[in-house]
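Here the structure comes first, spelled out in structure tokens, and everything after it is commentary.
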Amino acid sequence: MFAVNNYFNSKYNKILLENFINNRISSGMYLVTGKFLDMFDKANLLAFNDTFTTSTATSLLAFCNGIFDKTINLDTLITEGNIITSKSAIECHKLTNYNSSYHSMSFDTATSVMTINYSMPLYVSDGGFFRDELNNTLTEQLYLVLYNPTDIGYWNNALSKSVRQTTYVAFTVGDTGTGADLQFDHTDKIEYIDSIAIKVRLPKSLL
Amino acid sequence: MRVLNFYGTTSCLVPTLNASLPFVEVNSDYANNNIYFFKGEIPDADTLNGIVSQTSLLTTYADVLMGQVTAFTLHYSQNNTKLQRIIKKDPDVLEMPYLADGTITWFALCLNEGTPEAGKTPIIFSDSIGIHEDDGKFVTIETFTGTTGTMNLFRELSLILTEISNLEGI
């Protein structure tokens with residue numbers, strides 16, 4: 001057993017959450033599908049095993065930046081076959097109009113909860129997010145993703161070497177009553193998000 | 001919620017705020033840390049989470065206190081190649097007389113902060129205790145069981161925290 005008291009937990013949670021999430025809100029928010037994150041994860045998995053190769057990018061970081069910027073040709077990826085085999089339901093829309101003046105954070109030391117607020121409307125790029133882009137179904141999970149275009153070396157024990165990895169934190173988006181992290185009234189098209197309020201907390205114990 | 005590679009955990013785990021997260025190594029020494037050893041079953045994590053300070057710890061568990069070592073130094077180092085935070089005490093073995101009869105089962109490590117907050121102490125609790133050269137344990141001592149006044153030894157304190165990718169082992 002390895003436990004910590006509330007003060008310890010709050011102290012380090014605050015440092016972690018401020019640095020991790022705050023930086024990502026300011027650098028890039030996106031509305032994406034679960035299939036998009038699956039593609040992101042698969043590229044990282046290949047990179048973790050030191051087998052990441054694609055003609056569409058020179059590095060994992062360039063690839064990850066490219067799929068968010070839509071400069072990666074998905075048809076080429078399908079031909080290569082190691083990251084995706086279909087582009088069905090792979091969707092990504094950047095939230096634009098970010099202004100740091102409307103971004104605030106607060107930390108409750110009693111509960112270790114970090115609250116992040118953004119109060120300015122954010123516009124969904126490319127004319128909005130049509131639900132019927134997803135084969136007329138609402139089954140594909142949507143996420144609000146905080147992405148920061150940086151990578152870091154993780155140690156791969158099996159390979160005994162450091163390998164590059166990228167990172168994100170994603171909140172589920174769904175209709176009212178679905179239990180999603182962020183909930184909307186039902187709409188067929190998401191053009192903008194009025195405001196965002198996120199509460200996050202890390203676990204009580206480190207291990 | 002879905003997260004990939006939430007890094008920074010080990011990088012920030014030093015007594016003062018590491019404002020340069022997540023890439024800068026912070027290596028430092030902090031004196032005046034205290035460790036307390038107790039007998040009996042270690043309380044559950046929720047109970048321990050509610051201990052606010054060293055003072056409240058010693059008040060609450062005075063009846064099961066078995067030994068203590070105060071004012072020792074901890075060395076914090078970081079290995080950014082392996083994303084590891086290493087926390088160790090000086091290699092010197094420290095004397096720790098038994099304060100009561102019984103068997104040591106768990107401990108509380110009260111960390112000295114760079115900028116202490118009145119009435120609050122960051123505390124780590126664990127039952128990971130070994131004897132002599134038991135490398136797999138957080139803390140090693142000379143003996144588990146003793147009687148009041150007999151000498152025990154606080155030998156080693158070594159904690160290595162490693163950040164691993166979510167994709168490790170997949």
Can you say whether [X] sits under 4.5 Å from chain B via the side chain, the backbone, both, or neither, judging by heavy atoms?
X        : value
A/Val163 : neither
A/Leu144 : neither
A/Tyr143 : side chain

(message) Atom NZ of residue position A/Lys161 - does it have more than 12 heavy atoms of other residues, nucleotides or ligands inside 6.0 Å?
(response)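 Open: at most 12 neighbouring heavy atoms sit under 6.0 Å from NZ of A/Lys161.
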(request) Verify the neighbour count for atom OH of B/Tyr76: are there more than 12 heavy atoms of other residues, nucleotides or ligands below 6.0 Å? (result) yes
(message) Within the 4.5 Å heavy-atom criterion, are B/Ile164 and A/Trp155 side-chain neighbours or not?
(response)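 B/Ile164 vs A/Trp155: side chains apart.
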Counting distance only, does the side-chain N/O of [X] pair as donor-acceptor with the main-chain N or O of [Y] below 3.5 Å?
X        : Y        : result
A/Asn6   : B/Gly50  : no
B/Ser165 : A/Tyr154 : no
A/Asn156 : B/Glu168 : no
B/Asn49  : A/Val4   : yes

Taking side chain as everything from C-beta outward and backbone as N, CA, C, O, which of these in [X] sits under 4.5 Å from a heavy atom of chain A? Side chain, backbone, both or neither.
X        : value
B/Thr162 : neither
B/Gln84  : neither
B/Ile170 : both
B/Leu57  : neither
B/Asn166 : neither

(request) Compare every heavy atom of B/Phe125 with every heavy atom of A/Asn5, then report the nearest pair and how far apart it is. (result) N-CE1, 3.7 Å
(request) Please name the pair of heavy atoms, one in A/Tyr7 and one in B/Pro122, separated by the smallest distance, quoted to 0.1 Å. (result)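 In terms of heavy atoms, the two residues are closest at CD2-N, 3.4 Å.
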(message) So, taking the atom named CZ in A/Phe40 and the one named CZ in B/Arg2, what distance separates them when rounded to the nearest 0.5 Å?
(response)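 Going from CZ on A/Phe40 over to CZ on B/Arg2, the span is 10.5 Å.
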(request) Please determine, among B/Ile51, B/Leu48, B/Leu4, B/Asp127, the option with the most heavy-atom pairs under 4.5 Å with chain A. (result) B/Leu4
(message) Taking every non-hydrogen pair under 4.5 Å, which of A/Thr172, A/Leu45, A/Asn157 racks up the most with chain B?
(response)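 Max contact count across the listed options: A/Leu45.
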(request) Return the option, out of A/Asp38, A/Asn49, A/Val145, with the maximum number of heavy-atom pairs under 4.5 Å with chain B. (result)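 Of the options given, most contacts go to A/Asp38.
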